[in-house]
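A short worksheet on the structure shown next.
Side-chain atoms are counted along with the backbone in the values below, which use heavy atoms only and exclude waters and symmetry mates. None of the values given here were measured: they were computed from a predicted structure. We count ligands from 1, going down the list as the structure has it; atoms in each ligand are counted the same way.
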Amino acid sequence: MEAHELTARAIRDRVAAGELTAEAATRACLERIAAVEGKLHAFVSVDAEGALRRAREIDAALARGEAPGPLCGVPIALKDNICTAGTRTTCASRILANYVPPYNATVVERVLAAGAVVIGKTNLDEFAMGSSTENSAFGPTRNPWDLGRVPGGSSGGSAAAVAAGEAVMALGSDTGGSIRQPASFCGVVGLKPTYGRVSRYGLVAFASSLDQIGPIARDVADAALLLGVIAPHDPRDSTSAPAPVPDYLGRLEADVRGRRVGLPREFFIEGMDPEVEAAVRGAVEVLARQGAEIIEVSLPHNRIDARDGQLSAYSVAAYYLIATAEASSNLARYDGAHYGHRTQDDVGMIEMFARSRQEGFGPEVKRRIILGTYALSSGYYDAYYLKASKVRSLIKRDFDEAFKAVDAIACPTSPTAAFRIGERADDPLRMYMGDVFTISANLAGIPGIAVPCGFTADGLPIGLQLLAKPFDELALLQLARAFERATAHHRRRPPL
Ligand code: GLN
(Lines give C-alpha, C1' and ligand atoms only; values in the text may rest on other atoms or scores of the structure.)
Protein backbone atom coordinates (compact mmCIF):
# COMPACT_ATOMS: atom_id res chain seq x y z
CA MET A 1 0.00 0.00 0.00
CA GLU A 2 1.36 3.45 -0.86
CA ALA A 3 1.63 6.08 1.85
CA HIS A 4 -1.28 8.18 0.57
CA GLU A 5 -3.58 5.14 0.95
CA LEU A 6 -2.72 4.56 4.61
CA THR A 7 -4.86 5.69 7.51
CA ALA A 8 -3.68 8.64 9.57
CA ARG A 9 -3.02 6.23 12.47
CA ALA A 10 -0.78 4.05 10.31
CA ILE A 11 1.17 7.05 9.01
CA ARG A 12 1.64 8.45 12.49
CA ASP A 13 2.75 5.09 13.90
CA ARG A 14 5.20 4.45 11.07
CA VAL A 15 6.63 7.95 11.17
CA ALA A 16 7.02 7.71 14.94
CA ALA A 17 8.72 4.31 14.59
CA GLY A 18 11.09 5.61 11.93
CA GLU A 19 9.64 3.30 9.23
CA LEU A 20 8.32 6.19 7.13
CA THR A 21 9.24 9.84 7.01
CA ALA A 22 6.78 12.71 7.13
CA GLU A 23 8.43 13.88 3.94
CA ALA A 24 7.72 10.60 2.13
CA ALA A 25 4.09 10.62 3.29
CA THR A 26 3.74 14.20 2.07
CA ARG A 27 5.38 13.39 -1.26
CA ALA A 28 2.99 10.47 -1.75
CA CYS A 29 0.01 12.81 -1.46
CA LEU A 30 1.64 15.45 -3.67
CA GLU A 31 2.25 12.80 -6.34
CA ARG A 32 -1.31 11.66 -6.08
CA ILE A 33 -2.42 15.29 -6.48
CA ALA A 34 -0.22 15.61 -9.58
CA ALA A 35 -1.84 12.47 -11.00
CA VAL A 36 -5.55 13.13 -10.38
CA GLU A 37 -6.09 16.80 -9.56
CA GLY A 38 -6.47 17.71 -13.24
CA LYS A 39 -9.61 15.56 -13.29
CA LEU A 40 -10.98 16.47 -9.86
CA HIS A 41 -10.16 20.08 -9.03
CA ALA A 42 -10.51 19.41 -5.31
CA PHE A 43 -8.06 22.14 -4.30
CA VAL A 44 -8.08 25.91 -4.54
CA SER A 45 -4.38 25.96 -3.65
CA VAL A 46 -1.68 23.36 -2.96
CA ASP A 47 1.42 24.51 -1.12
CA ALA A 48 3.84 21.74 -2.13
CA GLU A 49 6.97 23.57 -1.05
CA GLY A 50 5.53 24.69 2.28
CA ALA A 51 4.21 21.19 2.99
CA LEU A 52 7.57 19.56 2.23
CA ARG A 53 9.43 22.13 4.34
CA ARG A 54 7.08 21.46 7.22
CA ALA A 55 7.40 17.68 6.78
CA ARG A 56 11.20 17.90 6.92
CA GLU A 57 10.92 19.97 10.11
CA ILE A 58 8.82 17.21 11.65
CA ASP A 59 11.35 14.57 10.60
CA ALA A 60 14.15 16.69 12.04
CA ALA A 61 12.29 17.18 15.33
CA LEU A 62 11.76 13.41 15.64
CA ALA A 63 15.45 12.82 14.91
CA ARG A 64 16.26 15.20 17.79
CA GLY A 65 14.16 12.98 20.02
CA GLU A 66 11.03 15.14 20.27
CA ALA A 67 7.84 13.23 21.05
CA PRO A 68 5.56 12.57 18.05
CA GLY A 69 2.13 14.24 18.14
CA PRO A 70 -1.13 12.33 17.52
CA LEU A 71 -1.13 13.42 13.84
CA CYS A 72 2.63 13.17 13.36
CA GLY A 73 3.45 13.44 9.64
CA VAL A 74 -0.16 13.16 8.47
CA PRO A 75 -0.97 15.14 5.31
CA ILE A 76 -4.21 17.04 5.89
CA ALA A 77 -6.31 19.29 3.65
CA LEU A 78 -8.26 22.28 4.93
CA LYS A 79 -11.45 23.73 3.49
CA ASP A 80 -10.63 27.13 2.11
CA ASN A 81 -12.90 28.99 4.54
CA ILE A 82 -10.56 28.11 7.43
CA CYS A 83 -7.96 30.84 8.00
CA THR A 84 -4.30 29.93 7.50
CA ALA A 85 -1.68 32.52 8.41
CA GLY A 86 0.29 33.61 5.37
CA THR A 87 -1.70 31.39 2.96
CA ARG A 88 -4.60 32.56 0.81
CA THR A 89 -8.02 31.82 2.24
CA THR A 90 -10.53 32.54 -0.50
CA CYS A 91 -13.86 30.97 0.51
CA ALA A 92 -13.96 30.20 -3.24
CA SER A 93 -15.10 33.78 -3.75
CA ARG A 94 -13.73 36.45 -6.02
CA ILE A 95 -14.20 38.91 -3.17
CA LEU A 96 -11.52 37.10 -1.12
CA ALA A 97 -9.47 35.80 -4.07
CA ASN A 98 -6.32 37.48 -2.75
CA TYR A 99 -7.04 37.47 0.98
CA VAL A 100 -4.13 36.26 3.11
CA PRO A 101 -5.12 35.99 6.78
CA PRO A 102 -2.64 37.23 9.39
CA TYR A 103 -3.59 34.42 11.78
CA ASN A 104 -4.42 30.72 11.98
CA ALA A 105 -7.83 29.38 12.94
CA THR A 106 -7.72 27.54 16.26
CA VAL A 107 -8.27 24.21 14.49
CA VAL A 108 -5.21 24.93 12.33
CA GLU A 109 -3.10 25.66 15.41
CA ARG A 110 -4.34 22.38 16.89
CA VAL A 111 -3.58 20.15 13.91
CA LEU A 112 -0.15 21.77 13.52
CA ALA A 113 0.61 21.26 17.20
CA ALA A 114 -0.41 17.59 16.72
CA GLY A 115 2.20 17.21 13.98
CA ALA A 116 0.02 17.30 10.84
CA VAL A 117 1.26 18.63 7.49
CA VAL A 118 -1.17 21.00 5.75
CA ILE A 119 -1.07 20.02 2.11
CA GLY A 120 -3.49 22.54 0.66
CA LYS A 121 -6.79 24.38 0.81
CA THR A 122 -9.83 22.71 -0.68
CA ASN A 123 -12.59 23.93 -2.95
CA LEU A 124 -16.08 24.75 -1.68
CA ASP A 125 -19.28 26.45 -2.67
CA GLU A 126 -18.65 30.19 -2.34
CA PHE A 127 -18.78 31.06 1.39
CA ALA A 128 -19.99 27.47 1.99
CA MET A 129 -23.35 28.30 0.40
CA GLY A 130 -24.43 25.28 -1.59
CA SER A 131 -24.65 21.51 -1.77
CA SER A 132 -22.58 20.69 -4.85
CA THR A 133 -19.37 22.78 -4.93
CA GLU A 134 -20.67 24.18 -8.23
CA ASN A 135 -20.94 27.63 -6.64
CA SER A 136 -17.17 28.02 -6.41
CA ALA A 137 -15.84 31.10 -8.22
CA PHE A 138 -12.95 28.89 -9.35
CA GLY A 139 -15.01 26.16 -11.01
CA PRO A 140 -16.59 22.95 -9.72
CA THR A 141 -14.96 19.94 -8.08
CA ARG A 142 -15.79 16.56 -9.62
CA ASN A 143 -16.83 13.41 -7.81
CA PRO A 144 -13.99 10.85 -7.86
CA TRP A 145 -16.53 8.01 -8.30
CA ASP A 146 -18.02 9.58 -11.43
CA LEU A 147 -16.42 12.66 -12.93
CA GLY A 148 -19.73 13.75 -14.43
CA ARG A 149 -21.23 14.13 -10.96
CA VAL A 150 -20.88 16.59 -8.09
CA PRO A 151 -18.92 15.64 -4.97
CA GLY A 152 -21.63 17.26 -2.83
CA GLY A 153 -21.05 20.45 -0.91
CA SER A 154 -20.17 22.72 0.39
CA SER A 155 -17.04 20.82 1.61
CA GLY A 156 -16.89 19.00 -1.74
CA GLY A 157 -13.18 19.61 -2.23
CA SER A 158 -12.31 18.16 1.19
CA ALA A 159 -14.44 15.04 0.66
CA ALA A 160 -13.18 14.46 -2.90
CA ALA A 161 -9.54 14.94 -1.85
CA VAL A 162 -9.84 12.39 0.96
CA ALA A 163 -11.76 9.88 -1.18
CA ALA A 164 -9.19 10.17 -3.98
CA GLY A 165 -6.13 9.87 -1.72
CA GLU A 166 -4.92 13.42 -2.37
CA ALA A 167 -5.00 13.96 1.40
CA VAL A 168 -5.24 11.46 4.22
CA MET A 169 -7.83 13.47 6.11
CA ALA A 170 -9.46 16.90 5.90
CA LEU A 171 -11.39 19.50 7.81
CA GLY A 172 -14.71 20.77 6.52
CA SER A 173 -17.42 23.01 7.88
CA ASP A 174 -21.09 22.14 8.28
CA THR A 175 -23.85 24.75 8.51
CA GLY A 176 -26.66 22.65 7.06
CA GLY A 177 -24.96 19.42 6.02
CA SER A 178 -21.76 20.54 4.32
CA ILE A 179 -19.55 17.91 5.95
CA ARG A 180 -21.99 14.98 6.02
CA GLN A 181 -23.52 15.27 2.54
CA PRO A 182 -20.22 15.49 0.59
CA ALA A 183 -18.80 12.69 2.76
CA SER A 184 -21.82 10.61 1.80
CA PHE A 185 -21.49 11.48 -1.93
CA CYS A 186 -17.77 10.62 -1.93
CA GLY A 187 -17.91 7.44 0.18
CA VAL A 188 -15.98 8.74 3.19
CA VAL A 189 -16.75 9.48 6.86
CA GLY A 190 -17.83 13.01 7.88
CA LEU A 191 -18.74 14.24 11.33
CA LYS A 192 -20.51 17.45 12.30
CA PRO A 193 -19.84 18.01 15.99
CA THR A 194 -22.28 19.46 18.51
CA TYR A 195 -22.57 23.25 18.21
CA GLY A 196 -19.85 24.51 20.58
CA ARG A 197 -17.76 21.29 20.53
CA VAL A 198 -15.17 22.74 18.13
CA SER A 199 -13.88 26.30 18.09
CA ARG A 200 -15.06 28.47 15.21
CA TYR A 201 -12.26 30.99 15.75
CA GLY A 202 -10.80 31.61 12.30
CA LEU A 203 -13.64 29.96 10.40
CA VAL A 204 -15.02 32.55 7.97
CA ALA A 205 -18.57 33.00 9.25
CA PHE A 206 -21.56 31.99 7.14
CA ALA A 207 -24.37 31.49 9.70
CA SER A 208 -22.83 31.84 13.13
CA SER A 209 -25.52 29.99 15.11
CA LEU A 210 -25.22 26.93 12.84
CA ASP A 211 -21.57 26.69 11.68
CA GLN A 212 -19.29 23.93 13.01
CA ILE A 213 -15.94 22.60 11.83
CA GLY A 214 -15.47 18.84 11.72
CA PRO A 215 -13.39 15.93 10.38
CA ILE A 216 -13.60 14.12 7.04
CA ALA A 217 -11.66 10.83 6.92
CA ARG A 218 -11.58 7.45 5.23
CA ASP A 219 -12.63 5.54 8.32
CA VAL A 220 -14.35 6.16 11.63
CA ALA A 221 -11.19 5.80 13.72
CA ASP A 222 -9.41 8.57 11.79
CA ALA A 223 -12.45 10.80 12.26
CA ALA A 224 -12.34 10.04 16.01
CA LEU A 225 -8.63 10.83 16.12
CA LEU A 226 -9.04 14.18 14.36
CA LEU A 227 -12.06 15.19 16.42
CA GLY A 228 -10.07 14.58 19.59
CA VAL A 229 -7.36 16.95 18.35
CA ILE A 230 -9.69 19.85 17.48
CA ALA A 231 -12.32 19.52 20.24
CA PRO A 232 -10.64 21.02 23.33
CA HIS A 233 -12.13 24.26 24.65
CA ASP A 234 -10.94 27.52 23.09
CA PRO A 235 -11.27 30.76 25.07
CA ARG A 236 -11.09 32.71 21.79
CA ASP A 237 -14.56 31.50 20.77
CA SER A 238 -17.21 32.41 23.35
CA THR A 239 -19.47 29.62 22.05
CA SER A 240 -16.75 26.99 22.49
CA ALA A 241 -17.87 24.69 25.30
CA PRO A 242 -15.55 23.88 28.21
CA ALA A 243 -16.91 20.31 28.13
CA PRO A 244 -14.30 17.60 28.75
CA VAL A 245 -13.09 15.75 25.63
CA PRO A 246 -13.61 11.98 25.84
CA ASP A 247 -10.91 9.69 24.49
CA TYR A 248 -12.85 9.17 21.24
CA LEU A 249 -10.23 6.92 19.66
CA GLY A 250 -9.35 4.95 22.79
CA ARG A 251 -13.00 4.16 23.51
CA LEU A 252 -14.04 3.57 19.92
CA GLU A 253 -14.31 -0.22 19.95
CA ALA A 254 -17.42 -0.72 22.03
CA ASP A 255 -20.08 -3.35 22.35
CA VAL A 256 -23.29 -1.80 21.02
CA ARG A 257 -25.59 -4.43 22.51
CA GLY A 258 -28.58 -2.72 24.05
CA ARG A 259 -27.91 0.64 22.41
CA ARG A 260 -31.21 2.12 21.34
CA VAL A 261 -31.32 3.39 17.75
CA GLY A 262 -34.36 5.37 16.63
CA LEU A 263 -35.88 5.37 13.16
CA PRO A 264 -37.86 8.58 12.67
CA ARG A 265 -41.24 7.73 11.17
CA GLU A 266 -41.37 11.08 9.37
CA PHE A 267 -38.08 10.51 7.54
CA PHE A 268 -38.93 7.26 5.79
CA ILE A 269 -41.37 8.68 3.34
CA GLU A 270 -43.13 7.35 0.33
CA GLY A 271 -41.34 8.08 -2.90
CA MET A 272 -37.95 7.87 -1.24
CA ASP A 273 -35.11 6.84 -3.53
CA PRO A 274 -35.35 3.03 -3.32
CA GLU A 275 -31.59 2.43 -3.41
CA VAL A 276 -30.99 4.93 -0.60
CA GLU A 277 -33.81 3.48 1.47
CA ALA A 278 -32.60 -0.10 0.97
CA ALA A 279 -29.00 0.77 1.90
CA VAL A 280 -30.02 2.69 5.03
CA ARG A 281 -32.49 0.03 6.19
CA GLY A 282 -29.83 -2.59 5.52
CA ALA A 283 -27.37 -0.63 7.66
CA VAL A 284 -29.85 -0.46 10.51
CA GLU A 285 -30.24 -4.24 10.29
CA VAL A 286 -26.48 -4.60 10.60
CA LEU A 287 -26.65 -2.63 13.85
CA ALA A 288 -29.59 -4.72 15.01
CA ARG A 289 -27.62 -7.93 14.37
CA GLN A 290 -24.98 -6.58 16.72
CA GLY A 291 -27.56 -6.22 19.43
CA ALA A 292 -28.71 -2.64 18.98
CA GLU A 293 -32.37 -2.17 19.74
CA ILE A 294 -34.26 -0.51 16.88
CA ILE A 295 -37.12 1.72 17.97
CA GLU A 296 -39.46 3.85 15.91
CA VAL A 297 -39.43 7.49 17.02
CA SER A 298 -41.40 10.53 15.95
CA LEU A 299 -40.04 13.94 14.99
CA PRO A 300 -43.33 15.65 14.08
CA HIS A 301 -41.90 19.09 13.30
CA ASN A 302 -39.23 17.51 11.11
CA ARG A 303 -41.85 15.92 8.89
CA ILE A 304 -40.95 15.63 5.23
CA ASP A 305 -43.75 15.89 2.68
CA ALA A 306 -43.49 14.65 -0.86
CA ARG A 307 -45.98 15.97 -3.38
CA ASP A 308 -45.60 15.42 -7.13
CA GLY A 309 -42.00 14.42 -6.56
CA GLN A 310 -41.33 17.74 -4.80
CA LEU A 311 -40.16 17.53 -1.17
CA SER A 312 -40.99 20.08 1.52
CA ALA A 313 -40.20 20.43 5.21
CA TYR A 314 -40.42 23.07 7.93
CA SER A 315 -36.76 22.48 8.75
CA VAL A 316 -35.62 23.50 5.28
CA ALA A 317 -37.84 26.60 5.27
CA ALA A 318 -36.64 27.67 8.73
CA TYR A 319 -33.00 27.02 7.84
CA TYR A 320 -33.07 29.03 4.63
CA LEU A 321 -34.47 32.02 6.54
CA ILE A 322 -32.14 31.79 9.56
CA ALA A 323 -29.01 30.96 7.58
CA THR A 324 -29.60 33.69 5.00
CA ALA A 325 -30.45 36.26 7.71
CA GLU A 326 -27.21 35.53 9.53
CA ALA A 327 -25.28 35.46 6.26
CA SER A 328 -26.61 38.86 5.22
CA SER A 329 -25.23 40.30 8.43
CA ASN A 330 -21.93 38.36 8.40
CA LEU A 331 -21.18 39.25 4.80
CA ALA A 332 -21.75 42.99 5.31
CA ARG A 333 -18.04 43.26 6.14
CA TYR A 334 -17.00 42.63 2.52
CA ASP A 335 -17.33 46.21 1.38
CA GLY A 336 -14.15 46.80 -0.60
CA ALA A 337 -12.75 48.94 2.22
CA HIS A 338 -11.65 46.52 4.94
CA TYR A 339 -10.18 43.70 2.87
CA GLY A 340 -10.79 41.69 -0.23
CA HIS A 341 -11.77 42.82 -3.69
CA ARG A 342 -12.25 46.54 -4.41
CA THR A 343 -13.63 47.84 -7.69
CA GLN A 344 -11.12 49.49 -10.00
CA ASP A 345 -13.77 51.94 -11.16
CA ASP A 346 -13.18 55.56 -10.23
CA VAL A 347 -16.36 56.19 -8.23
CA GLY A 348 -17.45 57.73 -4.90
CA MET A 349 -17.43 55.83 -1.61
CA ILE A 350 -21.00 54.54 -1.56
CA GLU A 351 -20.80 53.46 -5.18
CA MET A 352 -17.44 51.82 -4.40
CA PHE A 353 -19.12 49.62 -1.74
CA ALA A 354 -21.88 48.60 -4.12
CA ARG A 355 -19.66 47.89 -7.11
CA SER A 356 -17.08 45.96 -5.08
CA ARG A 357 -19.84 43.67 -3.82
CA GLN A 358 -21.47 43.48 -7.25
CA GLU A 359 -18.17 42.39 -8.80
CA GLY A 360 -16.98 40.21 -5.92
CA PHE A 361 -19.94 38.00 -4.99
CA GLY A 362 -21.37 35.21 -7.15
CA PRO A 363 -25.10 34.73 -7.88
CA GLU A 364 -25.93 32.29 -5.04
CA VAL A 365 -24.28 34.51 -2.42
CA LYS A 366 -26.18 37.52 -3.75
CA ARG A 367 -29.44 35.59 -3.69
CA ARG A 368 -28.85 34.74 -0.02
CA ILE A 369 -27.84 38.26 1.00
CA ILE A 370 -31.00 39.61 -0.61
CA LEU A 371 -33.20 36.91 0.96
CA GLY A 372 -31.63 37.39 4.39
CA THR A 373 -31.81 41.17 4.27
CA TYR A 374 -35.48 40.91 3.34
CA ALA A 375 -36.20 38.43 6.15
CA LEU A 376 -34.65 40.79 8.70
CA SER A 377 -36.15 44.02 7.38
CA SER A 378 -38.47 46.03 9.54
CA GLY A 379 -42.07 44.92 9.13
CA TYR A 380 -41.04 41.44 7.97
CA TYR A 381 -38.85 40.38 10.87
CA ASP A 382 -41.73 38.86 12.86
CA ALA A 383 -43.23 37.11 9.87
CA TYR A 384 -39.98 35.49 8.75
CA TYR A 385 -37.00 35.51 11.10
CA LEU A 386 -38.97 35.31 14.35
CA LYS A 387 -41.29 32.64 12.99
CA ALA A 388 -38.33 30.61 11.73
CA SER A 389 -36.72 30.88 15.18
CA LYS A 390 -39.88 29.47 16.74
CA VAL A 391 -39.91 26.58 14.29
CA ARG A 392 -36.30 25.99 15.19
CA SER A 393 -37.26 25.63 18.87
CA LEU A 394 -39.95 23.10 17.96
CA ILE A 395 -37.48 21.12 15.88
CA LYS A 396 -35.04 21.05 18.76
CA ARG A 397 -37.80 19.97 21.14
CA ASP A 398 -38.58 17.00 18.86
CA PHE A 399 -35.02 15.77 19.30
CA ASP A 400 -35.03 16.38 23.06
CA GLU A 401 -38.12 14.17 23.26
CA ALA A 402 -36.75 11.48 20.96
CA PHE A 403 -33.47 11.25 22.86
CA LYS A 404 -35.38 10.37 26.02
CA ALA A 405 -36.15 7.05 24.31
CA VAL A 406 -33.08 6.42 22.14
CA ASP A 407 -29.30 6.90 22.15
CA ALA A 408 -29.07 7.71 18.46
CA ILE A 409 -31.23 8.30 15.42
CA ALA A 410 -30.55 6.65 12.06
CA CYS A 411 -31.60 8.05 8.70
CA PRO A 412 -30.21 8.77 5.23
CA THR A 413 -27.67 11.57 4.84
CA SER A 414 -29.12 12.69 1.53
CA PRO A 415 -32.31 11.73 -0.33
CA THR A 416 -30.25 10.64 -3.35
CA ALA A 417 -26.70 9.67 -4.23
CA ALA A 418 -24.48 12.20 -6.07
CA PHE A 419 -26.34 14.03 -8.85
CA ARG A 420 -25.01 15.18 -12.20
CA ILE A 421 -23.07 18.40 -12.56
CA GLY A 422 -25.52 21.05 -13.74
CA GLU A 423 -28.59 18.97 -12.90
CA ARG A 424 -29.81 21.22 -10.07
CA ALA A 425 -27.76 24.35 -10.71
CA ASP A 426 -30.70 26.31 -12.14
CA ASP A 427 -33.24 25.11 -9.59
CA PRO A 428 -32.29 26.50 -6.16
CA LEU A 429 -35.38 25.08 -4.45
CA ARG A 430 -34.57 21.59 -5.61
CA MET A 431 -30.97 22.06 -4.52
CA TYR A 432 -32.10 23.29 -1.08
CA MET A 433 -34.48 20.34 -0.60
CA GLY A 434 -31.56 17.96 -0.96
CA ASP A 435 -30.50 19.14 2.52
CA VAL A 436 -33.68 17.83 4.11
CA PHE A 437 -31.97 15.12 6.23
CA THR A 438 -28.98 17.15 7.40
CA ILE A 439 -30.36 20.58 8.27
CA SER A 440 -32.27 19.60 11.42
CA ALA A 441 -29.06 18.68 13.26
CA ASN A 442 -27.69 22.19 12.73
CA LEU A 443 -30.95 23.84 13.80
CA ALA A 444 -31.01 21.64 16.94
CA GLY A 445 -27.25 21.97 17.55
CA ILE A 446 -26.78 18.19 17.80
CA PRO A 447 -23.93 16.08 16.37
CA GLY A 448 -24.25 13.93 13.27
CA ILE A 449 -22.03 11.50 11.39
CA ALA A 450 -22.18 10.15 7.84
CA VAL A 451 -20.67 6.73 7.12
CA PRO A 452 -20.55 4.80 3.83
CA CYS A 453 -23.32 2.18 3.89
CA GLY A 454 -23.61 0.94 0.34
CA PHE A 455 -23.55 1.74 -3.36
CA THR A 456 -26.12 2.36 -6.06
CA ALA A 457 -26.28 0.11 -9.10
CA ASP A 458 -24.22 2.79 -10.87
CA GLY A 459 -21.48 2.44 -8.26
CA LEU A 460 -22.17 5.67 -6.37
CA PRO A 461 -21.68 5.70 -2.59
CA ILE A 462 -24.63 6.01 -0.19
CA GLY A 463 -24.25 7.36 3.34
CA LEU A 464 -25.95 6.36 6.57
CA GLN A 465 -26.48 9.28 8.96
CA LEU A 466 -26.51 8.87 12.72
CA LEU A 467 -27.55 11.69 15.08
CA ALA A 468 -27.08 11.88 18.85
CA LYS A 469 -27.76 14.16 21.77
CA PRO A 470 -25.52 17.19 22.37
CA PHE A 471 -21.90 16.27 23.19
CA ASP A 472 -22.46 12.56 22.60
CA GLU A 473 -20.12 12.31 19.62
CA LEU A 474 -18.68 9.23 21.33
CA ALA A 475 -21.95 7.33 20.88
CA LEU A 476 -22.03 8.28 17.20
CA LEU A 477 -18.47 7.17 16.65
CA GLN A 478 -18.96 3.89 18.51
CA LEU A 479 -22.11 3.00 16.57
CA ALA A 480 -20.55 4.05 13.27
CA ARG A 481 -17.49 1.97 14.09
CA ALA A 482 -19.63 -1.04 15.02
CA PHE A 483 -21.28 -0.75 11.62
CA GLU A 484 -17.95 -0.37 9.87
CA ARG A 485 -16.52 -3.43 11.67
CA ALA A 486 -19.26 -5.57 10.18
CA THR A 487 -19.06 -4.18 6.63
CA ALA A 488 -16.52 -3.40 3.92
CA HIS A 489 -18.02 -0.35 2.16
CA HIS A 490 -15.40 1.98 3.59
CA ARG A 491 -12.62 -0.09 2.00
CA ARG A 492 -13.86 0.42 -1.54
CA ARG A 493 -11.93 3.17 -3.35
CA PRO A 494 -13.00 5.16 -6.41
CA PRO A 495 -11.74 3.80 -9.74
CA LEU A 496 -9.74 6.89 -10.67
N1 GLN B 1 -26.36 23.13 1.58
C2 GLN B 1 -26.62 24.02 2.67
C3 GLN B 1 -26.61 25.45 2.16
O4 GLN B 1 -26.51 25.63 1.01
C5 GLN B 1 -25.61 23.83 3.76
C6 GLN B 1 -24.32 24.46 3.49
C7 GLN B 1 -23.36 24.26 4.63
O8 GLN B 1 -23.55 23.39 5.48
N9 GLN B 1 -22.35 25.09 4.67
O10 GLN B 1 -26.72 26.37 2.91
Side-chain angles (χ1 to χ4, degrees), residues 78-82 91-93 122-136 140-141 150-159 170-185 190-193 195 198 200 203-216 311 313 315-328 330-331 361-372 375 388 392 413-416 418-419 423-425 427-450 463 465:
L78 305 174
K79 188 176 182 178
D80 207 22
N81 61 351
I82 297 175
C91 291
S93 179
T122 54
N123 202 15
L124 62 150
D125 288 296
E126 184 175 2
F127 283 100
M129 296 176 188
S131 311
S132 67
T133 316
E134 292 168 293
N135 297 335
S136 166
T141 297
V150 304
S154 62
S155 313
S158 285
L171 288 176
S173 68
D174 190 313
T175 304
S178 279
I179 290 174
R180 292 161 286 159
Q181 182 256 25
S184 159
F185 280 14
L191 188 151
K192 180 203 94 73
Y195 185 79
V198 174
R200 290 179 296 113
L203 171 68
V204 178
F206 161 13
S208 305
S209 77
L210 303 160
D211 300 340
Q212 267 292 288
I213 295 172
I216 294 177
L311 300 176
S315 58
V316 177
Y319 170 87
Y320 277 96
L321 285 168
I322 293 169
T324 56
E326 293 184 17
S328 73
N330 274 327
L331 271 59
F361 290 134
E364 181 63 23
V365 173
K366 284 179 186 159
R367 172 167 25 242
R368 299 209 186 189
I369 291 173
I370 291 167
L371 258 171
R392 181 179 191 171
T413 305
S414 168
T416 64
F419 46 90
E423 192 182 314
R424 297 186 190 170
D427 190 348
L429 267 187
R430 202 160 149 236
M431 186 75 91
Y432 297 170
M433 282 316 303
D435 300 333
V436 71
F437 291 118
T438 47
I439 270 175
S440 300
N442 302 78
L443 290 171
I446 61 175
I449 194 169
Q465 181 177 221

Point to revise | side-chain hydrogen bond (donor to acceptor under 3.5 Å, both in side chains) contacts in which one or both residues fall within residues 437-446, not counting sequence neighbours | key: Asp174-Asn442, Arg180-Asn442, Asn302-Ser440
**Study point:** Nearest-0.5 Å distance, CG of residue Leu311 to CG of residue Leu429
**Key:** 11.0 Å
Check your understanding: For residues Lys79 and Ser173, is any side-chain donor paired with an opposing acceptor at under 3.5 Å?
Key -> yes
Review point. Is Arg430 salt-bridged to Glu423, going by a charged N under 4.0 Å from an acidic O?
Key: yes
Check your understanding: In terms of the angle between their ring planes, are Tyr320 and Tyr432 parallel, tilted or perpendicular, with boundaries placed at 30° and 60°?
Key -> parallel
Practice item. Answer yes if the side chains of Ser131 and Asp435 hold a donor-acceptor pair under 3.5 Å, and no otherwise. Key: yes
**Study point:** Neighbour list for ligand 1 [protein residues, heavy atom under 4.0 Å]
**Key:** Ala128, Met129, Gly130, Ser131, Ser154, Asp174, Thr175, Gly176, Gly177, Ser178, Phe206, Tyr319, Tyr320, Arg368, Asp435
